[in-house]
Colleague: 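Below you'll find the structure I mean.
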Amino acid sequence: MATGNVGVPGEPTQTGTALIETATGAVQGFAPINQIHQHLCAFHFYATDMSRQVEAHHFCSHQNEEMRQCLIYDSPESGAHLIGLEYIISENLFLTLPDNEKLLWHTHEYEVKSGISFMPGVPGAVQRRDLEKVCKTYGKTFHFWQVDKGDTLPLGLPQVMYAFTRDGQLDDNLVQDVEKRFGVSIAAERENRTYMTGPDHGVHPLANGSGKGLKTELRETDFPSTDTIPTVFV
């Protein structure tokens, strides 16, 4: 079920605020946001608990041919919550990462080939042209707002998220709900994507947490005194 119905505490937006937004929207530029070129619906699970599964709507822009960045919302509606972000990179870039960094990145091969990732409203033949590339990539995702718990504000630490890697992991109820709301057939699209291939060198053994969970923790540490920080005069 979509989680965009989580209520947020606070007073309703006032007329004065709306007028200010209208004014700033008319005179300011929003170049980074205007670079968003696609909407991808997918699913994530918490790297510490696969049973916690979230519908994730990615709104993505390309940095270049080998990297794209996505804002993640819990629904595609105007009142959606910004719950996280994802960076997507090519296999070539992934292979340059240190080994301890590779653990934070997940693969996209299964979620693309299985059909559970799709672009709402885009004809299948068109979206498959791009998903052929996504199928070979790796993603690094953090969620800041645990809407699956019903949190009305983004509480706690950012959490590492993963994508699904095989059949039987994703809750069928989530799939059926998405199919009904967006008028798509995951099974049919899966058949249409059988020709796609994953990373050219195969899935790296350190990706997807190397098969283990990852938990974000906060630790206390000594904070250096300002007396020990050199003063620089310019």
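Note that the structure is a prediction, hence the values are computed from the model and not measured.
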Colleague: Which atoms form the tightest heavy-atom contact between V178 and V184, and what is the distance?
Modeller: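 Taking every non-hydrogen atom into account, O-CG2, 4.3 Å.
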
Colleague: Counting heavy atoms not belonging to H37, are there more than 12 under 6.0 Å from its NE2?
Modeller: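 Enclosed: over 12 neighbouring heavy atoms sit under 6.0 Å from NE2 of H37.
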
Colleague: Under 3.5 Å, side chain of R193 to main-chain N/O of S114, donor-acceptor pair present?
Modeller: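 Here the side-chain-to-backbone pair does not exist.
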
Colleague: Mind running side chain to side chain contact (heavy atoms under 4.5 Å, CB included) on I83 and F144 for me, showing each step along the way?
Modeller: CA-CA 5 Å; I83 61 174; F144 308 103; over 6 Å; no

Colleague: Answer whether the closest heavy-atom distance between the side chains of S61 and Q69 falls below 4.5 Å.
Modeller: yes

Colleague: Step by step, work out the side chain to side chain contact (heavy atoms under 4.5 Å, CB included) result for R190 and T194.
Modeller: CA-CA 7 Å; R190 180 175 187 149; T194 54; 5.6 Å; no

Colleague: Using 0.5 Å steps for rounding, measure from the CD atom of Q169 to the CZ atom of F164.
Modeller: 6.5 Å

Colleague: Looking at side-chain heavy atoms only, is the closest gap between H143 and H44 below 4.5 Å?
Modeller: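 They are in contact (side-chain heavy atoms under 4.5 Å apart), so the answer is yes.
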
Colleague: For D200, does its backbone N or O pair with a side-chain atom of K136 as donor and acceptor, under 3.5 Å?
Modeller: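 No; zero donor-acceptor contacts below 3.5 Å.
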
Colleague: Would you call D171 and R52 a salt bridge, taking side-chain N to carboxylate O under 4.0 Å as the test?
Modeller: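 Salt bridge: no.
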
Colleague: When you compare the side chain of C135 with that of H108, does any pair of heavy atoms fall below 4.5 Å?
Modeller: no

Colleague: Determine whether a donor-acceptor pair (N or O, by modelled atom type, separation under 3.5 Å) exists between the side chain of S210 and the backbone of K212.
Modeller: no

Colleague: What are the two closest heavy atoms between A42 and E111, and how far apart are they?
Modeller: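 Taking A42 first and E111 second, the nearest heavy atoms are CB-OE1, 3.9 Å.
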
Colleague: For residues S117 and V134, determine if any side-chain heavy atom of one lies less than 4.5 Å from a side-chain heavy atom of the other.
Modeller: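 Sidechains of V134 and S117: no contact.
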
Colleague: Please confirm whether the ring centroid of F118 lies under 6.0 Å from the ring centroid of H58.
Modeller: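 Not close enough - the centres of the two rings lie 6.0 Å or further apart.
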
Colleague: If the plane angle is over 60° it's perpendicular, under 30° parallel, otherwise tilted; pick one for Y162 and F45.
Modeller: perpendicular

Colleague: Can you confirm whether E55 sits close enough to L174 that some side-chain heavy atom of one is under 4.5 Å from a side-chain heavy atom of the other?
Modeller: no

Colleague: For D172, what residues pass the side-chain contact (heavy atoms from CB on, under 4.5 Å) criterion, not counting sequence neighbours?
Modeller: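 In terms of side-chain contact (heavy atoms from CB on, under 4.5 Å), with neighbours along the sequence ignored, D172 is linked to Q176.
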
Colleague: Considering all heavy atoms of both residues, which atom of L97 and which atom of W105 are nearest to each other, and what is their separation?
Modeller: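 Scanning both residues completely, I find the closest heavy atoms to be CD1-NE1, 3.5 Å.
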
Colleague: Check whether V175 and L40 end up in the same hydrophobic cluster, where Ile, Leu, Val, Met, Phe, Trp and Tyr are linked by side-chain heavy atoms less than 4.5 Å apart.
Modeller: no

Colleague: Just to verify, what does D151 make a side-chain contact (heavy atoms from CB on, under 4.5 Å) with, not counting sequence neighbours?
Modeller: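 Only W145, Q146, K149, L155 meet the side-chain contact (heavy atoms from CB on, under 4.5 Å) criterion with D151.
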
Colleague: Ring-plane angle category for F59 and H39, please: parallel below 30°, perpendicular beyond 60°, tilted otherwise.
Modeller: parallel

Colleague: Hydrophobic cluster membership, with links at side-chain heavy-atom distances under 4.5 Å among I/L/V/M/F/W/Y: are Y110 and I186 in one?
Modeller: yes

Colleague: Under the criterion side-chain contact (heavy atoms from CB on, under 4.5 Å), which of I88, T137, I36, I89 is the partner of R68?
Modeller: I88

Colleague: Please determine whether a side-chain nitrogen of the Lys or Arg among R128 and E132 lies less than 4.0 Å from a carboxylate oxygen of the Asp or Glu.
Modeller: no

Colleague: Compare all side-chain heavy atoms of M67 with those of S90 and state whether any distance is below 4.5 angstrom.
Modeller: no

Colleague: Please say yes or no: joined through hydrophobic side-chain contacts below 4.5 Å, possibly via intermediate residues, are L104 and M50 part of one cluster?
Modeller: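 They do share one cluster, since a chain of ILVMFWY contacts under 4.5 Å joins L104 to M50.
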
Colleague: Hey, could you give me the SG/NE2 distance between C41 and H57, rounded to the nearest 0.5 Å?
Modeller: 4.0 Å

Colleague: Decide yes or no on side chain to side chain contact (heavy atoms under 4.5 Å, CB included) for K102 and F94, but give the supporting numbers first.
Modeller: CA-CA 7 Å; K102 289 184 175 76; F94 174 81; 3.6 Å; yes

Colleague: If I take atom SG from residue C60 and atom CD from residue Q35, how far apart are they, to the nearest 0.5 angstrom?
Modeller: 13.0 Å

Colleague: Thinking salt bridges, do K133 and D130 make one under a 4.0 Å N-O criterion?
Modeller: no

Colleague: Would you say the side-chain atoms of E91 pair up with the backbone N or O of H201, donor to acceptor, closer than 3.5 Å?
Modeller: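 Side chain of E91 to backbone of H201, a donor-acceptor pair under 3.5 Å: yes, one is there.
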
Colleague: Can you get from V160 to L103 by hopping between Ile, Leu, Val, Met, Phe, Trp and Tyr side chains that sit under 4.5 Å apart?
Modeller: yes

Colleague: Within the structure provided, determine whether Y138 and H106 are in side-chain contact (heavy-atom separation under 4.5 Å).
Modeller: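 Result no, sub-4.5 Å side-chain heavy-atom pair not found.
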
Colleague: Side chains of N208 and T165: any donor to acceptor distance under 3.5 Å?
Modeller: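 Judged by distance alone, the side chains do not pair up.
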
Colleague: Please report the C-alpha distance between I72 and L82 in whole Å, then the side-chain angles of each, then the deciding distance to 0.1 Å, and finally whether the side chain to side chain contact (heavy atoms under 4.5 Å, CB included) criterion is met.
Modeller: CA-CA 6 Å; I72 300 175; L82 176 62; 5.7 Å; no

Colleague: State plainly whether one hydrophobic cluster holds both V112 and V122, where clusters connect Ile, Leu, Val, Met, Phe, Trp and Tyr through side-chain heavy atoms under 4.5 angstrom apart.
Modeller: yes

Colleague: Using the benzene-type ring in the case of Trp, are the ring centres of H81 and Y73 under 6.0 Å apart?
Modeller: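 No, the ring of H81 stays outside the 6.0 Å limit from the ring of Y73, centre to centre.
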
Colleague: Are the side chain of Q38 and the backbone of M119 linked by a donor-acceptor contact shorter than 3.5 Å?
Modeller: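 No, Q38 side chain to M119 backbone: no donor-acceptor pair under 3.5 Å.
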
Colleague: Tell me yes or no: between the side chains of Q159 and T216, is some donor less than 3.5 Å from an acceptor?
Modeller: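 Not at all, the side chains of Q159 and T216 share no donor-acceptor pair under 3.5 Å.
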
Colleague: Would you mind reporting whether Q53 and D148 have side-chain heavy atoms less than 4.5 Å apart?
Modeller: no

